[in-house]
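Below is one structure; the comments refer to it alone.
In this text, all values refer to a predicted model and were calculated from it rather than measured experimentally.
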Amino acid sequence: MYGEDPSNAMPVIFGKSSCSEFSKEAYTAVVYHNRSPDFHEEVKVKLPATLTDHHHLLFTFYHVSCQQKQNTPLETPVGYTWIPMLQNGRLKTGQFCLPVSLEKPPQAYSVLSPEVPLPGMKWVDNHKGVFNVEVVAVSSIHTQDPYLDKFFALVNALDEHMFPVRIGDMRIMENNLESELKSSIAALSSSQLEPVVRFLHLLLDKLILLVVRPPVIAGQIVNLGQASFEAMASIINRLHRNLEGNHDQHGRNNLLASYIYYVFRLPNTYPNSPSPGPGGLGGSVHYATMARSAVRPASLNLNRSRSLSNSNPDISGTPTSPDDEVRSIIGSKAMDRSCNRMSSHTETSSFLQTLTGRLPTKKLFHEELALQWVVCSGSVRESALQQAWFFFELMVKSMVHHLYFNDKLDAPRKARFPERFMDDVAALVSTIAGDVVSRFQKDTEMVERLNTSLAFFLNDLLSVMDRGFVFSLIKSCYKQVSSKLYSLPNPSVLVSLRLDFLRIICSHEHYVTLNLPCSLLTPPASPSPSVSSATSQSSGFSTNVQDQKIANMFELSLPFRQQHYLAGLVLTELALILDPDAEGLFGLHKKVINMVHNLLSSHDSDPRYSDPQIKARVAMLYLPLIGIIMETVPQLYDFTETHNQRGRPICIAPDDYDSESGSMISQTVAMAIAGTSVPQLTRPGSFLLTSTGGRQHTTFSAESSRSLLICLLWVLKNADETVLQKWFTDLSVLQLNRLLDLLYLCVSCFEYKGKKVFERMNSLTFKKSKDMRAKLEEAILGSIGARQEMVRRSRGQLERSPSGSAFGSQENLRWRKDMTHWRQNTEKLDKSRAEIEHEALIDGNLATEANLIILDTLEVIVQTVSVTESKESILGGVLKVLLQSMACNQSAVYLQHCFATQRALVSKFPELLFEEETEQCADLCLRLLRHCSSSISTIRSHASASLYLLMRQNFEIGNNFARVKMQVTMSLSSLVGTSQNFNEEFLRRSLKTILTYAEEDLELRETTFPDQVQDLVFNLHMILSDTVKMKEHQEDPEMLIDLMYRIAKGYQTSPDLRLTWLQNMAGKHSERSNHAEAAQCLVHSAALVAEYLSMLEDRKYLPVGCVTFQNISSNVLEESAVSDDVVSPDEEGICSGKYFTESGLVGLLEQAAASFSMAGMYEAVNEVYKVLIPIHEANRDAKKLSTIHGKLQEAFSKIVHQDGKRMFGTYFRVGFYGTKFGDLDEQEFVYKEPAITKLAEVSHRLEGFYGERFGEDVVEVIKDSNPVDKCKLDPNKAYIQITYVEPFFDTYEMKDRITYFDKNYNLRRFMYCTPFTLDGRAHGELHEQFKRKTILTTSHAFPYIKTRVNVTHKEEIILTPIEVAIEDMQKKTQELAFATHQDPADPKMLQMVLQGSVGTTVNQGPLEVAQVFLSEIPGDPKLFRHHNKLRLCFKDFTKRCEDALRKNKSLIGPDQKEYQRELERNYHRLKEALQPLINRKIPQLYKTVLPVTCHRDSFSRMSLRKMEL
């Protein structure tokens, strides 16, 4: 009720369901027969906004009758009580125990409480409290906290100037107001947290007001600055501690952040003045400080654009300075809440003025805050440090407001703030830096936060204060850190903090301007590290670059660091951390590289710097980066290893890197930046410890190296070309070479990987590559230009670095906040097809961009060095980089430019390629040929033009282009041999183009050039065909080796190539375990090398040439270099391979010996070592000699042990008949197969193989070994004839071929026999049985460098029946002789042979032969000799039988006596039967009168001679 009349009841009680919304009264339920009832009722009341003393709650108690009596009402009021709502201006809440009055309360009761004994009233229980009730309030107006209430009441009393103040029962008079006010401020920390949170903004407003406008109490100004500061510090700390869950990612409490952002404003300068601008100062002035959090609660709509330019879309154009920007933002933002809560208090000052006759003193909040913070100590200081960010941001906002409201934004910066304030700030920054340095090991987390807050504060100051002053603050921080670092054993934590500090300062939107990119390197005018602020304001991009000492621009020299202060700090930091000697800083590599990388990324995508001239200026700030990165070459990740085995072509040994005195960054430069001259990261004495040898460098990770190289390329791309050129002129050869190494690495690093790689990476689901993140960002951000693409690449590299602060490295991305929405998607692992396509596209763009920058840099280097003396060594390096880039996957755009550069280079410096860099020439030919087979026609035409010009250039030097001829031929062979996806068709087209060029070239038409080109192209076509055939015959080992053999033969004139192919063949043989053949290939290689070596240098101990190797193999002579077309090895860099040296020769021979040994041909091993030993003896190499003799001993002992156990090979004659075989039709070969190969096996293999190729029904094996008549064969079939053959030796050869090895080595003649009769059957009676012996001669002796050799000559001997009989008998006699004289004796063998000769069952054998051929003297005188020979054979045979029997008798035991007797009986029978036949001589043979015209040795000549070639 708001009065005492029943009509004053207010409809504020919430109604129950299905009643009206508000009612004036609420009833409890009836409680039956209970003297002290409990009412479980809750009544909800809406409090009016303005309460007076008359507002109260009235409770009425009723008695309800159960049986209604007449004239009595149902309900009778039996008691009353009430609660006033306000008491002494405070809301009454809590538990009450009220006395109940029996009659209606009297007039004006509502201002009193029922506890007051009113006169003449009856009370229940003698005015005791009997009714218990609890009142709970939910209010945003009433604090319900005694401490807050008292504080607000006192402040209000001061505002209203109403004394005395009543607070509860206390009356506070003006004279003791001051002490009460101070105690109430101090007591704020005792208040409850909930009301503090609810009234936080108001509370802080009041405290700030007390600081800014010290109250006047009893005519005295009371200074409450310190008390307020302490209260703020403790309140803010309490909030932080207790509201842990309410922090953003930087650990800042959202309540406080929103207070600074939206609520805090300086109390208006003039009372009642309308706010300037359309709506006064809005809550949306942006400070860098506030833009810290990337993830803000949605309620604080702080979506501040992350672009570096203006954050306000309404402002057109780009602000020229931060001051203009601040002003324009403030002016254009309207403010809706001009009547905010503070206005009621701030506008009362006019009343105060009239009362006291003067305005209260006006203080500036930021000045007071700085002062209080500097002077505070103890727990207050600790609290302030814990929440430094809050005070820093308050201070910055206060400063900007002050400048804005006092129209000081146009004032020169030096005049903006008083000296005293600047001193306070300097002292504050200095002490806080001191805290960071001294406490970083103990309170790591707090120090990280403090460090970051300090950095953001300085960042903000750069926008409002004199830059020189802020730089001096930065310098003082640096000094403190540096002096501490010097004494630390492990500096990495502190260096990491300093990195964070620097990174945040450098994220200033005017970072580039702050570095004065356009002024010249002159000593600064002002003593501060920055050039005087007066000039810094006016610096646009206008001044010209003078020719200053170029070196200063590229080194971290003092002038550079004074001029470009922040850039100098960044680069010095980079140089220090990447320095291989810096101990313990390895973990910071990634962090510092990312910092530089992100800075460059921001410059690249900043629209203010899109103009190329401006970009060149920006790049000037980073020129020393090139030098720093050049220093790190040995530490960079080696990207080249992945796709070529050679690794990077470091032109300088690692030792040179260290010993090089003209190092890019002198030790004095890598020093404490603040100007101390001590290198700050080397501990005392560590200079002496660095070893002089090549140090072990810790290698950077691939990702860090990649970022570093991207930075390098960015600087090279954007730097002014003339400046670069001047600098290159000053560099030493060593340093330029190092730069080339870097570019070489860049080529490999940014090679285009292709879609397949991305798909593969995508399938490895958990491989979250950092680049993928970056690319995912690109995919989401939509398409992007190729230029910006490159540096935007790894903006995704935001993960926290291991040593990084808890803040990760997000701050460097502040200017792009609206693009961070992809960060939530980083976990999305499987990418769509489109995303993969997009990634591949971006990777391609980057590869092209990077390579074009490299190409431009190479051009600059070539222009620079072409006039100097040292050009040879540098140009070689340039060529290396060019070739490397041609070897990688490149885009057509790049390749066209690349070929153009290459052609220019060759035409300017032909001698470079043809005289010095001979290996490069080979490489170049290979690369060009590879691109000649490209599927893109533009690349093909460029590559063929380059190749043609290369030949032409070579021809012009010496009327012959043997060098390029040879290199191209070699390249082609290696290209075809190694490349899988090689396209023959395209290559042929390119060759045709080259031919056309040669024919159309008018200048050289009269020379031999066109013919030479034609020969070369023809040869290349042949090689191509053979090589392509090789691919077809991959499955047919013999054919494959034949083709390789043919190709090697085609290279007879280019020894390097022939060598290559011989080695290829050796490899193929080894794979198939044909060790003898592999050894032969190696011997041939060695002979080839020996031929050319003997031409080059005449050394007695070296082999004379092939001739020396004859003992190893008679085939070697084909390696002799005697044809007209032989290139002399000393011209044109022929034989430049590594094998054409003495050590190469030794290596080949050692390999050959090893292969012979594996093949079991130990005698050949000896022959090989005979060539080797003189070489080692000449070199006095005892170690090698001892090894060789050891191996020889092994070889000879194996010969002894394996006697009779070695098997070398089985030979078969294979003939091919049928057009299906192509080249092989009607060819006959001798195949060498592994030992103990049966005819069936070979037959099965060949039938199976060709059956698969032509169809099983087409291939047929001819079973006999008779001569094949082509006419009788089916033309649609393929016939193979296979016959087992044996090595054949003439009688005279047998005296040299004694051992088993002799009889199986150097074989050229083979024989097989075919029995036949004159009527066509194969076998017949003894007297009609003829035999055909076929002797084959092969083109080369076995073993050869291939396993099948062509048959070049065939002769047949036909034996008549009697000759067949002679041969049989001789064979039998030989067997007997062998068995008899065998040592140790073998009785079983002996008995078998005896049984076959004299046993009863077979005595028909020899006896029958004798009876058929010797029973009568032949009529034909031609056969006399044969008859006689057979007779002598039998004589010999019987003699041998007798010897064998005698031998057997001495070997048998008693159990075989009977057997022996039986044999002897048989022998005598046989002897008797043969006796008459043996003794009959042909009289004619013994007559001397008979003129013998022609002696015939039937064995070595033929009776019926048939020759076939």
Side-chain angles (χ1 to χ4, degrees), residues 649 716-717 721-722 724-725 728-729 733 736-737 739-740 743-744 746-747 848-888 890-932 934 938-958 961 963-964 967-968 971 990 993-994 997-998 1000-1001 1003-1004 1009:
L716 287 173
K717 171 188 172 183
E721 206 171 290
T722 49
L724 280 178
Q725 218 165 337
F728 290 159
T729 320
V733 176
L736 266 176
N737 271 325
L739 180 61
L740 289 171
L743 295 177
Y744 186 92
C746 288
V747 170
T848 304
E849 169 100 0
N851 278 294
L852 286 172
I853 295 170
I854 292 166
L855 200 56
D856 286 344
T857 313
L858 291 178
E859 291 275 6
V860 177
I861 292 177
V862 172
Q863 285 167 24
T864 311
V865 300
S866 51
V867 291
T868 62
E869 294 76 69
S870 58
K871 63 178 179 216
E872 282 71 27
S873 52
I874 305 290
L875 291 175
V878 170
L879 200 56
K880 264 200 186 97
V881 179
L882 260 185
L883 290 174
Q884 169 73 351
S885 73
M886 285 187 195
C888 297
Q890 298 289 11
S891 61
V893 179
Y894 171 72
L895 281 172
Q896 292 178 32
H897 295 295
C898 180
F899 286 137
T901 300
Q902 171 262 317
R903 289 196 287 272
L905 196 64
V906 173
S907 64
K908 268 195 216 158
F909 311 106
E911 68 289 345
L912 167 74
L913 208 55
F914 302 125
E915 286 161 31
E916 283 122 27
E917 302 286 345
T918 48
E919 277 195 18
Q920 308 277 41
C921 183
D923 263 359
L924 179 58
C925 293
L926 176 60
R927 307 274 179 261
L928 291 177
L929 267 179
R930 200 185 114 213
H931 290 299
C932 280
S934 159
T938 48
I939 294 181
R940 277 206 307 277
S941 55
H942 273 273
S944 4
S946 279
L947 193 54
Y948 173 72
L949 285 171
L950 194 64
M951 297 178 190
R952 196 185 152 158
Q953 212 90 41
N954 197 359
F955 180 78
E956 285 172 349
I957 289 180
F961 59 108
R963 150 66 60 72
V964 175
Q967 305 284 26
V968 169
S971 303
S990 295
T993 313
I994 291 175
Y997 276 139
E1000 303 291 319
D1001 197 335
E1003 288 178 37
L1004 298 177
F1009 183 64

Spatial distance of atom OG (S934) from atom CG (L929) [nearest 0.5 Å]: 12.5 Å
Contact check, side chains of F728 and V865, non-hydrogen atoms, under 4.5 Å: no
V862/T901 under side chain to side chain contact (heavy atoms under 4.5 Å, CB included): CA gap, chis, key distance, verdict: CA-CA 10 Å; V862 172; T901 300; over 6 Å; no
Flag side-chain contact, heavy atom, 4.5 Å: T993 against S941: no
Evaluation steps, side chain to side chain contact (heavy atoms under 4.5 Å, CB included), between R952 and E1003: CA-CA 11 Å; R952 196 185 152 158; E1003 288 178 37; 2.7 Å; yes
Minimum side-chain heavy-atom gap I854-N851 below 4.5 Å: yes
Nearest atoms (heavy-atom pairs only) where L716 meets L724: O-CD1, 4.0 Å
Beyond-backbone contact of L947 with L924, side-chain heavy atoms, under 4.5 angstrom: no
Stepwise side-chain hydrogen bond (donor to acceptor under 3.5 Å, both in side chains) test for S885 and Q890: CA-CA 8 Å; S885 73; Q890 298 289 11; 4.6 Å; no
Mutual orientation of the aromatic rings belonging to F1009 and F955 [parallel < 30°, tilted 30-60°, perpendicular > 60°]: tilted
Exercise: identify the closest heavy-atom pair between Y744 and K880: CE1-O, 3.8 Å
pair M886-R930: side-chain heavy atoms closer than 4.5 Å: no
Taking every non-hydrogen atom, the tightest pair across V747 and C888: CG1-SG, 3.7 Å
Non-hydrogen atoms of Y948 and I994 that approach each other most closely: CD1-O, 4.0 Å
Any L858 side-chain heavy atom under 4.5 Å of L905 side chain: no
Pairwise distance CG(L895) to CZ(R927) - rounded to 0.5 angstrom: 12.0 Å
Beyond-backbone contact of E721 with Q863, side-chain heavy atoms, under 4.5 angstrom: yes
Student check: side-chain heavy atoms of L949 and V906 closer than 4.5 Å: no
Nearest heavy atoms of C932 and R940, plus distance in Å: O-CD, 3.3 Å
